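Computed from a predicted model, the values in this text were never measured in an experiment. Proteins get letters first, then strands, A, B, ... in listed order; numbering begins at 1 in each.
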Number of protein chains: 2
Amino acid sequence: MQQMENSELYQFLAGNGASFFTPASYGMPPPSAAASTMHSFCSSSYYPLDSSEITDTPHQDRALAALKNHKEAEKRRRERINSHLDKLRTLLPCNSKTDKASLLAKVVQRVRELKQQTSQITELETIPSETDEITVLSTSSGDYDGGDGRLIFKASLCCEDRSDLIPDLIEILKSLHLKTLKAEMATLGGRTRNVLIVAADKDHSIESIHFLQNALKSLLERSNSSERSKRRRALDRKLIV
Amino acid sequence: MQQMENSELYQFLAGNGASFFTPASYGMPPPSAAASTMHSFCSSSYYPLDSSEITDTPHQDRALAALKNHKEAEKRRRERINSHLDKLRTLLPCNSKTDKASLLAKVVQRVRELKQQTSQITELETIPSETDEITVLSTSSGDYDGGDGRLIFKASLCCEDRSDLIPDLIEILKSLHLKTLKAEMATLGGRTRNVLIVAADKDHSIESIHFLQNALKSLLERSNSSERSKRRRALDRKLIV
DNA sequence: ATTAACACGTGAAAC
DNA sequence: TGTTTCACGTGTTAA
């Protein structure tokens, strides 16, 4: 918009030989390579010379030096940015030829995932409540987890405590091929809450969340049918006293 | 190097009025704003016209259209890249005015940290060995953790099992203001290994690692002095049988 | 007045 | 072929 690309003058004044032998293009006949110098000659003859054109060589020198500095600084800036992009290329699952935009898209996605995972792993509420509860959440909230291909689930189970609850839980996770990343378990007044962060295999889809949910539900029902009365009585007695 | 910026011809042919009123600079006297058009006039008169200059207007049109497409595509590319950079700006602890290079530097650092944290949280070896062990590692390996300001430690304690080991451990972590992100505990043959991923407060320095190490050491010694003989005998008996 | 950062238009090369 | 991506030099603007 507000640009002119009228810098051939400076290219000429700089005596930058490299640009003189740039192959002509766009049907301009040879020796169009010298055209950039001709611009200057032409305008010099077309417009009357003013005194500054003779006496301001120091001005020209300074402008020239400034332009050179500018050029080099800009190159350094580009290199700085690109070096960081290269580092990111090594940090992500992508080859060195993925273009900048796609690379940055991957980076955005990855940072979001990692943020989410660590925050979910960190924030656990383990104080058991008085009501039975089962919650199973997916970390990736539905969209495909491109990170390392694994879905992360957060499962919370709050129920009466019993001695073989943990082994049963472990059995469920094993049968569903879920790997436990973090488990936090607390018991209070005969009740327990177990919060699990589990990673699914790559072959799992988001639907696995339902298998886990159902398994935990049956576990809870099993728990209630067999041991409920005994524990309940003990808890009630404790509350009465 | 291999560039000429000799595109005034196309600016002129395109009739792009915007560039005509660009303020002159570098001491070129007015009406230098028209200089870019003069380049074309000048070169047209200096070099003999060939037939193509009259008959190839369709060529010119095509080249012009191509140039316009190119220009717009490049603009779209820039916008795509910059939009991703903006997304990253919102994802990281930095304002919207941090420059590209610094932003990307932060991104590199953040991705490295998060990778390291999640991998350390994931990779735990909990099978207890027959020899007593204490290891305390720092996640950030010495450099400042710019992530959310917290240092992450990984502590592993392998020793004889005893009933009040966990409460003692919890007491230690509480007194050192360390928050447990993940704990994995396994017992086998009367021995136990506890692997803890703990996060230090922001006011902790990397030196806190020594306090934790010493506390665990004293815990292990306490364990050995009181309960060792009894457990050892039981274990030895088991091994003999 | 320097310096640094940005968007732009362009030529070249990949595909 | 045309489409896409890149590096470059430049003009401009802000601290």
Side-chain angles (χ1 to χ4, degrees), chain A residues 1-14 16 18-19 21-28 32-33 35-36 39 58-59 62-86 89 94-105, chain B residues 1-14 16 18-28 32-33 35-36 39 59 62-86 89 94-105:
Chain A
M1 279 301 227
Q2 52 270 59
Q3 277 183 256
M4 280 178 71
E5 274 76 28
N6 59 352
S7 59
E8 285 80 3
L9 170 62
Y10 305 96
Q11 300 267 345
F12 170 63
L13 291 173
N16 182 1
S19 62
F21 299 102
T22 306
S25 45
Y26 296 105
M28 184 87 77
S32 69
S36 61
H39 293 328
H59 287 60
R62 297 203 333 151
L64 234 45
L67 200 57
K68 192 181 173 213
N69 276 343
H70 185 28
K71 193 197 305 187
E72 292 168 348
E74 183 63 13
K75 184 167 179 60
R76 282 194 298 273
R77 173 177 168 271
R78 278 194 301 263
E79 288 171 347
R80 206 161 58 240
I81 292 176
N82 284 335
S83 86
H84 286 140
L85 289 177
D86 284 339
R89 263 180 257 264
C94 72
N95 57 39
S96 64
K97 272 311 282 177
T98 49
D99 65 277
K100 295 184 187 179
S102 317
L103 170 66
L104 287 176
Chain B
M1 281 295 230
Q2 51 269 55
Q3 278 183 255
M4 276 178 69
E5 276 73 31
N6 58 355
S7 60
E8 286 79 4
L9 171 62
Y10 303 95
Q11 300 268 345
F12 170 65
L13 290 173
N16 183 359
S19 63
F20 285 15
F21 300 102
T22 306
S25 44
Y26 297 109
M28 184 88 77
S32 67
S36 61
H39 294 328
H59 286 62
R62 296 206 333 151
L64 231 47
L67 200 58
K68 188 179 176 216
N69 277 343
H70 185 28
K71 193 196 307 189
E72 291 168 349
E74 182 64 13
K75 183 165 179 62
R76 281 194 300 272
R77 174 178 167 269
R78 278 195 300 264
E79 288 171 348
R80 204 161 58 239
I81 292 177
N82 284 336
S83 86
H84 287 141
L85 289 177
D86 284 339
R89 261 181 258 266
C94 71
N95 58 38
S96 64
K97 274 311 282 177
T98 50
D99 66 277
K100 295 183 186 178
S102 317
L103 169 67
L104 287 176

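Atom C1' of nucleotide dG9(C) and atom CZ of Arg78(B) are separated by 7 Å, given to the nearest angstrom. Per the geometry, CG belonging to Asn82(A) stands 9 Å off P belonging to dC6(D), to the nearest Å. Here the P atom of nucleotide dT5(D) and the CG atom of Leu85(A) are 14 Å apart, to the nearest Å. Here the P atom of nucleotide dG9(C) and the NZ atom of Lys68(B) are 12 Å apart, to the nearest Å. Atoms CD (Glu72(B)) and C1' (dA7(C)) sit 16 Å apart, rounded to a whole Å. At whole-Å resolution of the value, CG in Leu64(B) and P in dG9(C) are 14 Å apart. At whole-Å resolution of the value, NZ in Lys71(A) and P in dA7(D) are 18 Å apart.
The nucleotide whose nearest atom lies closest to any side-chain atom of Leu67(A) is, among dA7(D), dA7(C), dT10(D), dT10(D). The Arg77(A) side chain lies nearest to dC6(C) when the options are dC6(C), dT5(D), dC8(D).
Legend: residues meeting salt bridge (charged side-chain N to carboxylate O under 4.0 Å, His left out) with Lys68(A), ordered by chain and number and at least two apart, are absent. With sequence neighbours excluded, the residues satisfying side chain to side chain donor-acceptor pair (under 3.5 Å) with Glu74(B) are Arg77(B). For Asn69(B), the side chain to side chain contact (heavy atoms under 4.5 Å, CB included) test picks out Glu72(B), with sequence neighbours left out. Here Asp86(A) pairs with Arg89(A) under the salt bridge (charged side-chain N to carboxylate O under 4.0 Å, His left out) rule; sequence neighbours left out. The side chain to side chain donor-acceptor pair (under 3.5 Å) test applied to Asp99(A) returns Ser102(A), not counting sequence neighbours. Every residue two or more places apart in sequence or in another chain was checked for a side chain to side chain donor-acceptor pair (under 3.5 Å) with Arg80(A), and none qualifies.
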For DNA chain D, produce a single dot-bracket line, 5' to 3'. Pairs: Watson-Crick or G-U wobble, both distances under 3.5 Å. Symbols: ( ) within strand, [ ] crossing, | other strand, . unpaired.
.||||||||||||||
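Between the side chain of Glu74(A) and the base of dC8(D) there is no donor-acceptor pair of N/O atoms closer than 3.5 Å.
For DNA chain D, none of the residues of residues 95-105 of chain B falls under the heavy-atom distance limit of 4.0 Å.
Counting non-hydrogen atoms of other residues, nucleotides and ligands closer than 6.0 Å to CZ of Arg62(B) gives a total of 12 or fewer.
With values rounded to the nearest 0.5 angstrom, Asn82(B) atom CG is found 9.5 Å from Leu104(A) atom CG.
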Nucleotide N/O of nucleotides 2-4 of chain D paired with protein N/O under 3.5 Å:
none

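For dC8(C), one of the phosphate oxygens OP1 or OP2 lies less than 4.0 angstrom from a side-chain nitrogen or oxygen of Lys75(B).
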